[in-house]
Each structure stands twice: as C-alpha cells, then as structure tokens.
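Both counts, for ligands and for their atoms, begin at 1 and track the order of listing. Just so it is clear, the structure is predicted and the values come from calculations on it, not from any experiment.
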Amino acid sequence: MYKIVAKKVLAPAIKQFQIQAPEIAARARPGQFVVLRIDEKGERIPLTIADYDPKGGTVILVFQEAGRTTMELGRLEEGDSILDLVGPLGKPSEIRRYGKVICIGGGVGIAAIYPIARALKEAGNEVVSIIGARCRDHLFLVEKMGEVSDALEITTDDGSAGRKGFVTGVLQDLLVGEEGIDLVVAIGPPAMMRAVAELTRPYRVRTVVSLNPIMVDGIGMCGACRVAVGGKTRFACVDGPEFNAHLVDWPVVMQRARMFREEEKRAVEDYFLGSECRCRKR
Ligand code: FES
C-alpha cells in the first residue's frame with residue numbers, strides 16, 4: 001500500500017498527491033511515469049511523476065479529474081492509501097546541454113513539464129517556459145516554473161492572466177523573432193502538442209512531446225499504448241513516452257484518444273448515479 005502523505009488542490013479538478021513510495025522516489029527521473037491502481041477492482045492509469053524526493057522517499061503525482069478513476073482518486077484524502085503504484089516506468093527525458101530550450105506545458109501538462117524544465121536548467125540550458133491554461137484559476141506551479149526558467153510566459157484562453165490565447169501564439173513569436181532555438185519540449189493535450197509540432201516543423205527545430213495514450217500494464221506486454229512514430233509501431237510505455245513530435249502520426253494519436261470517450265462518459269454517469277440506483281441496469 002502507498003500512503004498519501006499530503007494532498008493539495010492546485011486548480012479546479014486538478015489535484016496533487018505526495019505519496020510515500022521510497023523505491024520509486026529513489027529511481028525516478030524526469031519524464032517517467034507510474035501506473036496506479038486504487039484498489040483491487042480499479043482500472044490502471046498512468047500518471048507522470050511531477051516530482052520526487054529520494055531522501056524523503058516520496059513522489060508527487062498531479063492529476064486532472066477527467067474520468068471515473070481520476071474522480072475516485074480525487075476523493076482520497078491525506079492518510080488514505082493506494083493499492084498499487086508501479087514505476088518508475090518509461091524512458092527518462094534526454095537531459096543534456098542543448099543551448100536554448102523552450103519548455104511548454106498546457107493544462108495538467110504543466111505538472112509534467114516542471115521536472116524536465118528544472119533538469120534542463122540544471123544541465124546548463126537557457127530555459128524559456130510557456131505555460132497555458134483555460135483561465136487564471138486553472139494555472140498552477142507558476143512560481144515553481146518561474147524558479148527553473150530564465151523567462152516564463154503565461155497564456156490563458158480568456159486572457160484572465162498573461163497573454164490571451166494559446167501557448168502556440170507565444171511559441172510562434174519566439175520562432176519568428178529569435179535565432180537558435182535548439183529544442184522544444186511540449187506536454188499537454190494531444191491537440192496542443194500536435195499544433196506545436198506543426199509550428200516548429202518548418203523551422204526544423206528539434207521537438208519532443210510526451211504521449212499519454214491509454215495504458216494497461218505499462219511494461220510493453222499488452223499493446224494498449226501503441227502509437228505510430230516514423231511509420232513504425234511504438235509502445236509509449238517502453239519506447240516513450242517522449243517521441244520526436246515531427247515523426248508522430250497525429251491523426252492516429254487523436255483517434256485513439258477519442259476511442260473510449262463514450263465508455264468513459266457512461267462510467268462517469270454510473271459513478272455519479274451510485275450503487276443505490278439500479279435503473280440503468282434494468
Ligand atoms: S501499456 Fe501495455 S504495452 Fe504499453
């Protein structure tokens with residue numbers, strides 16, 4: 001069992017757990033993830049490791065309550081425990097001195113980009129970060145992102161904080177206005193990562209995205225997380241989750257992301273109907 005030692009609400013429907021998991025904390029690297037199962041009947045879900053403390057033996061997980069399992073997870077409190085936490089899984093981010101790096105986090109992807117931005121900064125890169133959210137209330141980790149960035153740009157869809165619009169608006173300006181961007185790393189919704197890939201492609205700027213498809217075992221056996229990259233089938237859990245954004249087959253990624261939307265919607269409805277209501281089963 002893995003105990004939740006601290007819980008924070010970062011933004012509406014976005015929650016952070018600090019979880020006692022010494023073995024994972026000792027081995028975690030930026031870009032890796034865990035597969036979590038709340039209880040014996042629970043669905044397995046992958047969550048990026050947003051931070052880790054090897055000395056304290058804890059990992060930080062940030063998740064958005066977007067489906068039944070993440071809603072169930074969000075109801076757990078400090079002192080509660082999670083049955084399974086498997087990890088760290090996936091290949092760590094390739095951290096080295098590139099030069100000038102743009103780190104982009106959209107929505108809950110802000111949590112995932114944070115340890116990567118920090119590691120890139122520690123490796124001697126000039127880090128410009130762009131974080132984007134729906135509105136001011138959905139922004140989080142702003143201060144921490146500022147601490148690991150040489151410059152931090154903020155965007156909100158409604159203009160309630162930072163620049164009005166999407167992260168791609170700022171990226172476009174940087175690509176047009178500045179020479180020598182050596183790497184772009186983007187983590188967020190598939191549509192955002194695809195838009196970033198299309199923007200940087202003509203500039204031939206190396207661009208890395210972290211894919212988060214449906215996963216089951218997380219160790220390359222089940223095939224649930226397959227994606228097409230450079231014309232080849234890859235498993236995000238063992239070959240990724242980071243890939244060259246210009247080689248990702250985006251229509252397939254988008255289509256697979258939508259694949260279980262109806263089932264997920266029904267699962268959420270059932271969850272809210274609760275066990276007392278049997279009418280849907282008759
Ligand atoms: S989650 Fe099963 S192969 Fe990747």
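- For CD of Glu23, the number of neighbouring non-hydrogen atoms (other residues, nucleotides, ligands) closer than 6.0 Å is 12 at most.
- Taking a cut-off of under 4.0 Å to the non-hydrogen atoms of Gly218, the atoms of ligand 1 that pass are 1 (S), 2 (Fe).
- Here is the list of ligand 1 atoms found below 4.0 Å of a heavy atom in Cys225: 1 (S), 3 (S), 4 (Fe).
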**Item:** CA sep, side-chain torsions, deciding dist, call: Tyr114, Asp51, side-chain contact (heavy atoms from CB on, under 4.5 Å)
**Value:** CA-CA 8 Å; Tyr114 169 70; Asp51 210 347; 3.7 Å; yes

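- Short contacts between ligand 1 and Met221, defined as distances under 4.0 Å to a heavy atom of the residue, involve ligand atoms 3 (S).
- In summary, the side chains of Glu242 and Ser210 do not present any donor paired with an acceptor at a separation below 3.5 Å, with no hydrogens or angles considered.
- Taking a cutoff of 4.0 Å between a charged side-chain nitrogen and a carboxylate oxygen, Glu94 and Arg206 qualify as a salt bridge.
- Here Arg226 has no heavy atoms under 4.0 Å from ligand 1, in either its backbone or its side chain.
- Set against the non-hydrogen atoms of Val216, the atoms of ligand 1 under 4.0 Å away are 1 (S).
- Rounding to 10°, one obtains 100° for the angle at atom 2 (Fe) of ligand 1 between SG (Cys222) and OD1 (Asp217).
- Taking 2.8 Å as the criterion, Cys237 counts as a coordinating residue of atom 4 (Fe) of ligand 1, since one of its N, O or S atoms falls below it.
- Looking only at protein heavy atoms, the nearest one to atom 3 (S) of ligand 1 is Gly223 N, 3.1 Å.
- Each of Glu77, Gln16, Gln18 was compared with Lys7 under the side-chain hydrogen bond (donor to acceptor under 3.5 Å, both in side chains) criterion, and only Glu77 meets it.
- Inter-residue side-chain proximity for Leu73 and Leu36 is flagged as met; some heavy-atom pair is nearer than 4.5 Å.
- No chain of hydrophobic side-chain contacts below 4.5 Å, direct or via other Ile, Leu, Val, Met, Phe, Trp or Tyr residues, connects Ile104 to Ile131.
- Under a 4.0 Å criterion applied to the non-hydrogen atoms of Gly220, ligand 1 contributes the atoms 3 (S).
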